[in-house]
Amino acid sequence: MSTETPSRKPGAETRDGADPDELPPFTEQLSQQLGGVKGVVEAAVPITLFVILNPLLPDRMGPLSGLQWAIVISAASALGIAAWRAARKESIRHALNGLFGIALGAFLAWRSTDARDFYLPGIIQGSIYGVLLIVSALVRHPVIGWIYAVVAQGGKKEWRQNRPLVDILSKITILWGVVFLVKNAVRIWLYWIDADNALGMMTLFGGWPVTIALTAFTIWAVRRHMRAVGQEPPDVLKGE
């Protein structure tokens, strides 16, 4: 069965020739989901501040320890970003998602006075994601396949009838899961040996950069596979 997006309905075009029901390119949708470059940068600000400030601040600064100041500044930056977006009447969804993780990590680290606990929620979350991704592929309902269905087929299930496409999306989903598990295994090891500074760097550079790289590989792999079997990738995967 074809994996192309549904054909346009006659007369559905707008005045400028665009189809109002046509999905935007995948790269554009990805940018929207991540909040664009601005959203990615804003999401990285709180964790970056904590990673930088925690080893630099002295053990004691007035009423708080250096760790506590790093926690306060990191959490305050997340709150500030959310407030700034709200004041500008911009979406705060991405800011709130990041704020929840920062708040939970900040609470744990503050209570235990251990910088490593700041990263604990992310480690647990990433490990769960890794397991779920692999399990979804093993039961032939790969998570990346369902994401593909949303962005390339408007949520339709046509891809489920295309066995070779299910195979490649299952393999890609397993790759995502393995990367998540390996990344978080390293973080668990760093947590175990009390290497909080290295743990911070691993969290920072193993986050959005790795996710963006995996997404780029996924787009390339699906395009390559579909063309190899004589099918043209949907327009939304062409990045045009």
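Everything numeric here is computed off the predicted structure, so don't read it as measured data.
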Side chain to side chain contact (heavy atoms under 4.5 Å, CB included) evaluation trace for Q68 with M61: CA-CA 9 Å; Q68 289 173 328; M61 291 179 62; over 6 Å; no
Residues Y191, D117; criterion side chain to side chain contact (heavy atoms under 4.5 Å, CB included); working and verdict: CA-CA 8 Å; Y191 181 94; D117 289 343; 2.5 Å; yes
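Across all non-hydrogen atoms, the minimal contact from V51 to M201 is CG1-SD, 3.6 Å. Annotation for P46 and A78: closest pair CG-CB, 3.8 Å, computed over non-hydrogen atoms. Contact between G66 and L57 at its shortest, heavy atoms only, is O-CD1, 3.4 Å.
Inter-residue side-chain proximity for L169 and W146 is flagged as unmet; no heavy-atom pair is nearer than 4.5 Å. Using a 4.5 Å heavy-atom cutoff, the side chains of L64 and W110 are in contact. Side-chain contact between W176 and T211: present, with at least one pair of heavy atoms (C-beta onward) separated by less than 4.5 Å. In this structure the side chain of I172 never reaches within 4.5 angstrom of the side chain of P142, judged on heavy atoms. The closest side-chain heavy-atom distance from P121 to L108 is below 4.5 Å.
Hydrophobic clustering keeps I52 apart from I47 (ILVMFWY residues linked when any side-chain heavy atoms are closer than 4.5 Å, directly or through intermediates). Hydrophobic cluster membership is shared by F205 and V45, with clusters built from Ile, Leu, Val, Met, Phe, Trp and Tyr side chains linked at under 4.5 angstrom. Both I193 and F118 belong to a common hydrophobic cluster when Ile, Leu, Val, Met, Phe, Trp and Tyr are linked at side-chain heavy-atom distances under 4.5 angstrom. One hydrophobic cluster, built from ILVMFWY side chains closer than 4.5 Å, cannot hold both L132 and L138; they sit in different ones.
Formation of a donor-acceptor pair under 3.5 Å by the S127 side chain with backbone atoms of N184 is not found in this model. The backbone N or O of P63 lies less than 3.5 Å from a partner atom in the side chain of R60, making a donor-acceptor pair.
Note: Y119 and F50 have perpendicular aromatic rings, judged against thresholds of 30 and 60 degrees for the angle between ring planes.
To the nearest 0.5 Å, the span separating CG on L67 from CG on L53 amounts to 11.0 Å. From I128, atom CD1 reaches atom CD1 of I124 across 7.0 Å, with rounding to the nearest 0.5 Å. Here I174 contributes atom CD1 and S136 contributes atom OG; the two are 8.5 Å apart, rounded to the nearest 0.5 Å. Put simply, CG on L175 and CZ on F180 are 10.5 Å apart, with the number rounded to the nearest 0.5 Å. With values rounded to the nearest 0.5 angstrom, T218 atom OG1 is found 11.5 Å from R223 atom CZ. In this structure, I188 CD1 and L199 CG are separated by 10.5 Å, a value rounded to the nearest 0.5 Å.
Of the residues listed (I147, L133, I168, I134), the one engaging T173 in a side-chain contact (heavy atoms from CB on, under 4.5 Å) is L133, and it is the only one.
Checked against the 6.0 Å centroid criterion, the rings of F217 and W220 qualify as a close aromatic pair.
Looking at residues two or more places apart in sequence or on another chain, you find a side-chain contact (heavy atoms from CB on, under 4.5 Å) between V131 and V135, L181. Partners of R140 by salt bridge (charged side-chain N to carboxylate O under 4.0 Å, His left out), not counting sequence neighbours, listed by chain and number: D167. Evaluation of the ring pair (Phe, Tyr, Trp, His ring centres under 6.0 Å) rule for W189 yields no partner, not counting sequence neighbours.
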